[in-house]
*Asks:* 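Below you'll find the structure I mean.
Counting convention: from 1, in listed order, for ligands and their atoms alike.
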Amino acid sequence: MEKHKVLIRRCDTYDPERIAAIVRGGMEELGIVPEGKVLLKPNVVMAHPEIFPHAFTRKEFLDGVLSAVRSRAGNLKELAVGERSGITIPTRFNFKMAGYPPVIRRHRARTYYFDEVRQVPVELKQEGRLRDLIFVPQPIRECDFLINLPKFKAHPWSRLTLSLKNFIGIQDDRHRLIDHTSFLEHKIADLQEVIQPRFIAIDAITAGQKMMLTPTPFDLGAIVMGSNSCAVDTVGCHMVGVNPQDLIHLKLTAERGFGPMDLDEIEVGGDFPLEEVREKTKNFQFCLERIDEYFPKTGNLTCTVGTFPEAHSADYCWGGCPGALQEAVHIFRGFDPETERKMKKIRYVVGRVEGPLHLAPDERVIFAGNCTSWEGNLDGEKVTIEPTYHPPAAVDARKTRSNDLLKKLAAALWDCYENRNSRYVRMKGCTLSVAEHVNYLSSLGKVKNPNFDPRLAIPVTAAYWRMRAARALNRLFG
Ligand code: SF4
């Protein structure tokens, strides 16, 4: 059987012409000819030149790939770029911050903001699937040739985000947070059944360490290319010394027959030998600590972590609320590195917790997430937090919350105001998003909410209303 081929090419600069030449050469070597409706899916989970400079696939990379596709394509019916950013921020804001619109215009490509287009159901049939039905944006369903353009990054929920994980960004907010729990890895595997990318090019020129929204840059100087997500992700794991078996979504996807996860089944080519890459990345950093170990016991934000409802992940909820808390705190640090020192004391309680919390006199409590339960005394009053967790089978993908940016902000502010004299608040949801964590932490901790920073507040609000208007028009006439 012919092996899947993955190429690692050297590229130490964001020069669009050089990137175009490398990507075109990669397509030729892999025998890739884009045709029909071609859709490029970058990773623009969040973008801002000052606050989030390393979280996204760079515009120069997109520019180079668009040039390569134009020059290599066969019968091209449409060339488009589509994405849904993270943390409920409108994608059009992030595209602007990433510098995409002029690049897309220059290449006469179309833009699909996946938070503005119709979402359509797709039936899943693969054995081992988590759900029978999953919603994706219409352009994903209708494209003939998907090109995946991830950013090479470490990830606090899932260790690495490469080709497979980049598919979380095809879902809009209403559907993205479903199963974004300890089932996140299963969800990523489910999404592969919707569509397979025909070409993958990873922006690993400047890779990201530790976090996915606020990564620490790492000059990796590489472009990774292939035509099978499992093969590409397997090579990506070896590039930074991760055992592919530890990348759970890769394991689940490979087990479902989507591709290999054994290096012996992959032909690794290019001009950047894997051994040399590994030597270069031997100090590449990850952030895979539980929140009760990650936040110091002496700090103003401390965590009490209990047990969790699903048997496969009873000791911790990777993929859910704890990771969202870490990302939220990193966002605060991006705006003000002193935030945790300035914050009023908060105890974050998640999971099924038993026994006293031993709070400091001025410490307030967040009981986070639907799975959380606790019973005890707070200021002489008996408090009972009941769990309201529902397993995936009890969650209907057709009936989901909108997860609207403004609604979430207003709900969090109101909840904190209503409970201003209470020792605790209950954050309801499964999962709780990064945005919700930011809103609650800023209200209870009395620190600045990044949503109100002028660098974000005005342009995000403008993008939000344009997004709402475009979405309404697409519903009526799309
Ligand atoms: S509510 Fe509990 S089970 Fe659900 S995502 Fe949060 S921590 Fe995980």
*Asks:* Return the orientation label for the F286 and F284 ring planes: parallel under 30°, perpendicular over 60°, tilted otherwise.
*Replies:*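 Judged by the thresholds at 30° and 60°, the geometry between F286 and F284 is perpendicular.
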
*Asks:* At less than 4.0 angstrom from any non-hydrogen atom of G320, what atoms of ligand 1 do you find?
*Replies:*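 Atoms satisfying the 4.0 Å criterion: 5 (S).
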
*Asks:* Show the atoms of ligand 1 that are less than 4.0 angstrom away from any heavy atom in Y389.
*Replies:*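 The atoms of ligand 1 under 4.0 Å from a heavy atom of Y389 are 3 (S).
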
*Asks:* At a 4.0 Å threshold, what atoms of ligand 1 neighbour a non-hydrogen atom of G369?
*Replies:*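 Once the distances to G369 are compared, the set is 1 (S).
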
*Asks:* How far is atom 4 (Fe) of ligand 1 from the closest protein heavy atom, and which atom is that?
*Replies:*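 Here the nearest protein heavy atom works out to C430 SG, 2.4 Å.
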
*Asks:* Mind checking whether atom 6 (Fe) of ligand 1 has an N, O or S of C317 under 2.8 Å?
*Replies:*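 Not a single backbone or side-chain N, O or S atom of C317 is under 2.8 Å from atom 6 (Fe) of ligand 1.
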
*Asks:* Taking 4.0 angstrom as the limit and counting only heavy atoms of T181, give me the atoms of ligand 1 inside it, by number and element.
*Replies:*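 By the 4.0 Å cutoff, the relevant atoms are 5 (S).
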
*Asks:* Under a 4.0 Å threshold between the charged nitrogen and the carboxylate oxygen, would K125 count as salt-bridged to E193?
*Replies:*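 Between K125 and E193 there is no salt bridge, as every charged N stays at least 4.0 Å from the carboxylate O atoms.
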
*Asks:* Cation-pi check, R256 to F258: give yes when NZ or CZ is under 6.0 Å from the six-membered ring centre and within 45° of the ring axis, no otherwise.
*Replies:*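 The answer is no; the distance or angle limit is not met.
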
*Asks:* Identify, by atom number and element, the atoms of ligand 1 in contact range of V350, meaning under 4.0 Å from any of its heavy atoms.
*Replies:*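 Selected atoms, number and element: 7 (S).
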
*Asks:* Determine the interplanar angle of the H437 and Y348 rings, folded into 0 to 90°, and report it as parallel if under 30°, tilted if 30 to 60°, perpendicular if over 60°.
*Replies:*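 The arrangement is tilted - the two ring planes meet at 30° to 60°.
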
*Asks:* Any idea which atoms of ligand 1 are less than 4.0 Å away from a heavy-atom of T431?
*Replies:*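 This gives 5 (S) as the contact atoms.
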
*Asks:* With V438, which of N449, V329, I87 fulfils side chain to side chain contact (heavy atoms under 4.5 Å, CB included)?
*Replies:*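 Of the listed residues N449, V329, I87, the side chain to side chain contact (heavy atoms under 4.5 Å, CB included) partner of V438 is N449.
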
*Asks:* Which residue supplies the protein heavy atom nearest to atom 1 (S) of ligand 1, what is that atom called, and how far is it?
*Replies:*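 The protein heavy atom lying closest is N370 N, 3.3 Å.
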
*Asks:* Touching ligand 1 at all, G429? Heavy atoms, strictly under 4.0 Å?
*Replies:*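 It does; at least one heavy atom falls under 4.0 Å.
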
*Asks:* Applying the ring-ring contact (aromatic ring centres under 6.0 Å, His included) test to F95, which of F56, Y100, F114 qualifies?
*Replies:*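 Output: one option passes, namely Y100.
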
*Asks:* Distance to 0.1 Å, residue and atom name: give those for the protein heavy atom nearest to atom 6 (Fe) of ligand 1.
*Replies:*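 For atom 6 (Fe) of ligand 1, the nearest protein heavy atom is C321 SG, 2.3 Å.
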
*Asks:* Examine C371 and say whether one of its N/O/S atoms is closer to atom 2 (Fe) of ligand 1 than 2.8 Å.
*Replies:*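 Checking C371: at least one N, O or S atom is under 2.8 Å.
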
*Asks:* Do E83 and Y112 have side-chain N/O donor and acceptor atoms under 3.5 Å apart?
*Replies:*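 Distance-only check fails for E83 and Y112.
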
*Asks:* Using ring pair (Phe, Tyr, Trp, His ring centres under 6.0 Å), reason through H175 and H180 one step at a time and then give a plain yes or no.
*Replies:* CA-CA 9 Å; H175 303 100; H180 206 305; over 10 Å; no

